[in-house]
Peer 1: 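First the structure, which I've put down as structure tokens, then a few questions once you've had a look.
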Amino acid sequence: MVMGLLAFENNQGLWNGGYYSQFFGIGGVMLTVAILCLSTGYFGGIGAPFAPYFWPYFEQFPKKKERQRPVRVYMDGCFDLMHYGHANALRQAKLLGDQLVVGVVSDEEIVANKGPPVLSMEERLTLVSGLKWVDEVIPNAPYEITEEFMNTLFNKYSIDYIIHGDDPCLLPDGTDAYALAKKAGRYKQIKRTEGVSSTDIVGRILQTFKHKDRVNENAGAESSDQMKSQLSNFLPTSRRILQFSNGQAPSPGARVVYIDGTFDLFHAGHVEILRSARQLGDFLLVGVHDDQAIRERRGCHPIMHLHERTLSVLACRYVDEVIIGAPREVSRDMITTFNISLVVHGTVAEGDPAVEVDPYALPKSMGIFQTVTSPKTITSVSVATRIIDNHEAYKKRNLKKKASEDKYYAQKEFVSGD
């Protein structure tokens, strides 16, 4: 018996080496019976004390890996006048789980809690769905995380955690909209993205168009440089651009499609034209024009400056790479440098193309230009016009929010994190 135990110990490598077939059949049955006998005290009472000796060998059998369910996180918002701050919030939320589900608050809830939205539900859904970090969207989500809706998230959508930024989200009665999620221990917080908000953008729009009208009335008496009065608090960094970037070059032989534009007040029309352009090739390269070029065409500076617009474009799931401050004219050197196979342009464009040289003359002569029908007629100017036409309503909405934002910046302290 002792010799048998020694032989068993000396040949334990058979378990590691995968020779399991030798333990099946009659030999396997005999071995099993022997071990059972030892464990129940047979063979002169040797069994029970020695039985644990064998268990480590059974651990050598390959174990079936347990399949872990992906961690699903939920974040909601109005996402009105979508900007890179919204995109960065959702990027941070995605890092807290494997799948990101986003709730888009209904028009009625926004009116009741904040004031009239600028964009329709359809437009806001298009913007949120077009972000590279979003896996699923829930339309018409409530502004408040009620117990009923929280249970729906946990049971129907298998949500593990509810996410929100570190800025307070209060209901009209002053209570915390996420109090129940916090009480349930299913709440996680991300860092606010500095330098931008929907309130800030509305203020920039009102200021820009008010100043533009004043300049027109005075026949240019004021310096156009004063158009810059609607300053942004955003401080661009290379790290933020890297966080938004795909960081991948086109593969050898890839069909590179190029499209350029202003992409100011990034809206649903931008998402749809980028989707259409991406479908024409393997890699979508987007040129974002600089502020000065836009001013020369529009007569005023863009609402969002170059780096803000770049981040909005980079956040779109259909975009692979961006040329920051792209030239207006598509040159031969540019086509060669980026190995561009096709240059496309939408049927809806901003500016006054009648007073400028055709920037697409070269790709047209090379037979690599294509006009793509714009899926939507919305433009940055039409979005801004909605606010101008309802000036009093948005001015009242902004006064309430601007006071809290001014207080935030006045008392602002360093907070570590993303």
Side-chain angles (χ1 to χ4, degrees), residues 75 77-96 127 131-133 163-169 189-208 211 224-247 261-267 270 286-295 300-316 319 321-326 380 384 398 401-418:
M75 189 171 190
C78 302
F79 304 107
D80 197 24
L81 289 178
M82 173 72 81
H83 50 71
Y84 63 91
H86 292 132
N88 191 47
L90 296 175
R91 181 192 66 81
Q92 292 182 76
K94 180 64 176 283
L95 292 175
L96 297 177
L127 282 164
L131 290 174
K132 62 175 68 172
W133 302 286
I163 316 295
H164 188 64
D166 57 8
D167 52 320
C169 183
Q189 192 166 278
I190 59 171
K191 190 176 184 296
R192 167 190 170 119
T193 302
E194 301 291 350
V196 69
S197 68
S198 297
T199 303
D200 167 49
I201 294 172
V202 169
R204 292 195 219 178
I205 291 171
L206 294 174
Q207 180 66 28
T208 297
H211 188 86
S224 60
D225 288 339
Q226 290 179 306
M227 293 283 190
K228 296 180 181 179
S229 58
Q230 69 287 352
L231 292 176
S232 165
N233 291 313
F234 176 60
L235 300 175
T237 63
S238 57
R239 178 170 169 268
R240 183 69 77 207
I241 291 176
L242 284 173
Q243 289 172 335
F244 276 51
S245 175
N246 289 352
T262 301
F263 300 104
D264 197 16
L265 294 177
F266 197 78
H267 52 68
H270 292 138
V286 181
V288 180
H289 300 151
D290 64 37
D291 299 348
Q292 184 61 27
I294 296 169
R295 177 190 166 280
C300 64
H301 286 274
I303 304 301
M304 313 294 285
H305 67 60
L306 176 59
H307 290 95
E308 292 178 307
R309 293 181 286 114
T310 295
L311 288 178
S312 293
V313 173
L314 275 174
C316 182
V319 177
E321 181 63 289
V322 169
I323 300 177
I324 305 172
S380 302
N398 260 33
K401 288 281 291 180
K402 191 174 185 305
S404 63
E405 291 207 0
D406 288 345
K407 182 179 179 181
Y408 168 81
Y409 280 108
Q411 301 175 350
K412 179 178 171 181
E413 295 180 357
F414 173 75
V415 179
S416 62
D418 185 82

Peer 1: For H305, what residues pass the ring-ring contact (aromatic ring centres under 6.0 Å, His included) criterion, not counting sequence neighbours?
Peer 2: F234
Peer 1: Taking only residues two or more places apart in sequence or in another chain, which ones pass side chain to side chain contact (heavy atoms under 4.5 Å, CB included) with S238?
Peer 2: none
Peer 1: Under the side chain to side chain donor-acceptor pair (under 3.5 Å) test, which residues partner S380, sequence neighbours left out?
Peer 2: E350
Peer 1: Got a donor-acceptor contact below 3.5 angstrom from the D264 side chain to the M304 backbone?
Peer 2: yes
Peer 1: Report yes if some heavy atom in the side chain of I241 is under 4.5 Å from a heavy atom in the side chain of I324; otherwise report no.
Peer 2: yes
Peer 1: With side chains defined as the heavy atoms from C-beta onward, is the minimum distance between Q292 and R295 less than 4.5 Å?
Peer 2: yes
Peer 1: Is there a side-chain contact between F79 and L131 (heavy atoms, below 4.5 Å)?
Peer 2: no
Peer 1: Looking only at heavy atoms, which two atoms of L81 and V202 are closest? And how far apart?
Peer 2: CD1-CG2, 3.5 Å
Peer 1: Show, in sequence, the C-alpha distance, side-chain angles and deciding distance for H86 and L127, and conclude whether the side-chain contact (heavy atoms from CB on, under 4.5 Å) test is met.
Peer 2: CA-CA 10 Å; H86 292 132; L127 282 164; over 6 Å; no
Peer 1: Which distance, rounded to the nearest 0.5 Å, do you find between the SG of C316 and the CZ of F244?
Peer 2: 12.0 Å
Peer 1: Working to the nearest 0.5 angstrom, can you tell me the gap between Q92 CD and T193 OG1?
Peer 2: 5.5 Å
Peer 1: Roughly how far, to the nearest 0.5 Å, is the CG atom of L265 from the CZ atom of R204?
Peer 2: 9.0 Å
Peer 1: How far apart are the closest heavy atoms of D291 and L306, and which atoms are they?
Peer 2: OD1-N, 3.0 Å
Peer 1: Looking only at heavy atoms, which two atoms of T262 and R309 are closest? And how far apart?
Peer 2: O-NH1, 2.8 Å
Peer 1: Considering all heavy atoms of both residues, which atom of A87 and which atom of A315 are nearest to each other, and what is their separation?
Peer 2: CB-CB, 3.7 Å
Peer 1: Could you point out which residue of F266, Y84, F263 forms a side chain to side chain contact (heavy atoms under 4.5 Å, CB included) with E308?
Peer 2: Y84
Peer 1: Rounded to the nearest 0.5 Å, what separates atom CD1 in I190 from atom CE in M75?
Peer 2: 3.5 Å
Peer 1: For residues T310 and V322, report the shortest heavy-atom separation together with the two atoms involved.
Peer 2: CG2-CG1, 4.0 Å
Peer 1: If every non-hydrogen atom of K132 is compared with every non-hydrogen atom of S245, which pair is closest and at what distance?
Peer 2: NZ-C, 4.2 Å
Peer 1: Do Q243 and R240 get their side chains close enough for a donor-acceptor pair, meaning under 3.5 Å?
Peer 2: yes
Peer 1: Yes or no on side-chain contact (heavy atoms from CB on, under 4.5 Å) for H270 and V313, after CA distance, side-chain angles and deciding distance?
Peer 2: CA-CA 9 Å; H270 292 138; V313 173; over 6 Å; no
